[in-house]
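Convention: sequence-line order gives letters A, B, ...; per-chain numbering from 1.
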Number of protein chains: 2
Amino acid sequence: MTDATDRTDRSRLAPLDPDMFDPLCPSSEMPFRVGDKWTGMVVRCLEGGPRRFTELRVPLRGVTPKVLSETLRAMERDGLLTRTPYDENPPRVEYALTPLGRTLIPLLDAARAWSEIHLPHLLAARRVHERHASGAAPVA
Amino acid sequence: MTDATDRTDRSRLAPLDPDMFDPLCPSSEMPFRVGDKWTGMVVRCLEGGPRRFTELRVPLRGVTPKVLSETLRAMERDGLLTRTPYDENPPRVEYALTPLGRTLIPLLDAARAWSEIHLPHLLAARRVHERHASGAAPVA
DNA sequence: CTGGATCCCTTGGGATACTG
DNA sequence: CAGTATCCCAAGGGATCCAG
């Protein structure tokens, strides 16, 4: 338990896995994208409950504050999530999926399932063509 | 299976609807993308059977030969479709989905279903924010 | 008919630095 | 902590022209 029982009760939320979007993870090569590069990942980050700006930066490794900010604003604009600032010090802002945003989850699940089953084949086919392109002799 | 009297018997295939990706069609604003801008649409074009290069250009309005060619080569490289040139005159080439390529169809169906149900809400939310951004007074 | 070759422009998005 | 402000680059993709 990270904190007190006050606030929004996110205290029992498991911390986000820093590796959930690890570049080495096959699903990060998922050929399906929702809108832009980060939207799908943000949905994944928020499906367990509201998260704070900095909290999102952990699993979304490499995302710069600028880009994350842009992504979040676009998603808010599209009604996919809500932004809730608290008048405290230090400042605190929470992002949470709207019902509309939650409707994306099954799609992401489907995409993930597809990747787990078929992505290896796609990648294998790609490697074969790369081999040909590189002019290497067929493997004996 | 449609079989072939001559060639691949695409003769009984319904011609592709020129409007199937009309910019005005809601599904063309679909926020889900497969890989790049055109891949998903190409799959849709091919799900009914093999098609020729020029045939694909009809519904994919606005796509330049260069871009379509790049898309098709990338998809072939990834094992999503096959490219079959016929040694005739005038030249004829047919593109057809592979079994792997066909596995994308359910995903596209899911995305389309999502769009039909939820896209209007997303668009509505977007319009509200645009209105605010434009500084227009709230409509009475 | 089926593209390849060029040119070019927009845009996503990364790096870095700086505020309330 | 939660962003904003700049700068900048690579890449997607469109237009146009050309060739087998």
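A donor-acceptor pair under 3.5 Å is formed between the side chain of B:Thr98 and the backbone N or O of B:Leu80. A:Arg44 places a side-chain N or O within donor-acceptor distance of the main-chain N or O of A:Leu108, the cut-off being under 3.5 Å.
Distance, B:Arg51 CZ to C:dG3 P: 16 Å, rounded to whole Å. Atom CD of A:Glu55 is separated from atom C1' of D:dG3 by 16 Å (rounded to the nearest Å). A straight line from CG of A:Leu68 to C1' of D:dG3 spans 10 Å, rounded to a whole angstrom. Here the P atom of nucleotide C:dG4 and the CZ atom of B:Arg57 are 13 Å apart, to the nearest Å. One interatomic measurement links the two molecules: CG of A:Leu60 to C1' of D:dA2, which rounds to 16 Å at whole-angstrom precision. Rounded to a whole Å, the CZ atom of A:Arg92 is 18 Å from the C1' atom of C:dG20. In this structure, CG of A:Asp87 is placed 18 Å from P of D:dC1, rounded to the nearest angstrom. Regarding A:Leu72, its CG atom lies at a distance of 16 Å from the P atom of D:dC1, rounded to whole Å.
Put simply, A:Ser69 has no side-chain N or O that comes within less than 4.0 Å of OP1 or OP2 on D:dA2. When the side-chain nitrogen and oxygen atoms of A:Thr54 are compared with OP1 and OP2 of D:dA2, one or more of them lie within a distance under 4.0 Å.
The A:Val93 side chain lies nearest to D:dA2 when the options are D:dG14, D:dA2, C:dG3. Across D:dA5, D:dG14, D:dC1, the shortest atom-to-atom separation from the side chain of A:Lys66 is found for D:dA5. Taking every side-chain heavy atom of A:Tyr95 into account, D:dG3 is the closest of D:dG13, D:dG3, C:dC1. Here the side chain of A:Phe53 is nearest to one of D:dG13, D:dT4, D:dG3, namely D:dG3.
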Give the C-alpha distance, both sets of side-chain angles, the deciding distance and a yes or no for salt bridge (Lys or Arg N to Asp or Glu O under 4.0 Å) between B:Arg92 and B:Glu94. CA-CA 7 Å; B:Arg92 186 166 62 95; B:Glu94 281 190 349; 3.3 Å; yes
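Of all the heavy atoms in B:Leu56 and B:Cys45, the pair that sits closest is CD2-CB, 3.5 Å.
Residue-to-nucleotide proximity on DNA chain D shows that, of B:Thr71 and B:Pro65, the 5′-proximal contact is made by B:Thr71. Projected onto DNA chain C by closest heavy-atom contact, A:Lys37 and A:Pro91 fall at different nucleotides, the more 5' of which corresponds to A:Lys37.
The pair B:Arg127-A:Asp78 fails the salt-bridge criterion, with no side-chain N (NZ, NE, NH1 or NH2) lying under 4.0 Å from an Asp/Glu carboxylate O.
Counting non-hydrogen atoms under 4.0 angstrom, B:Arg73 reaches the backbone sugars and phosphates but no base.
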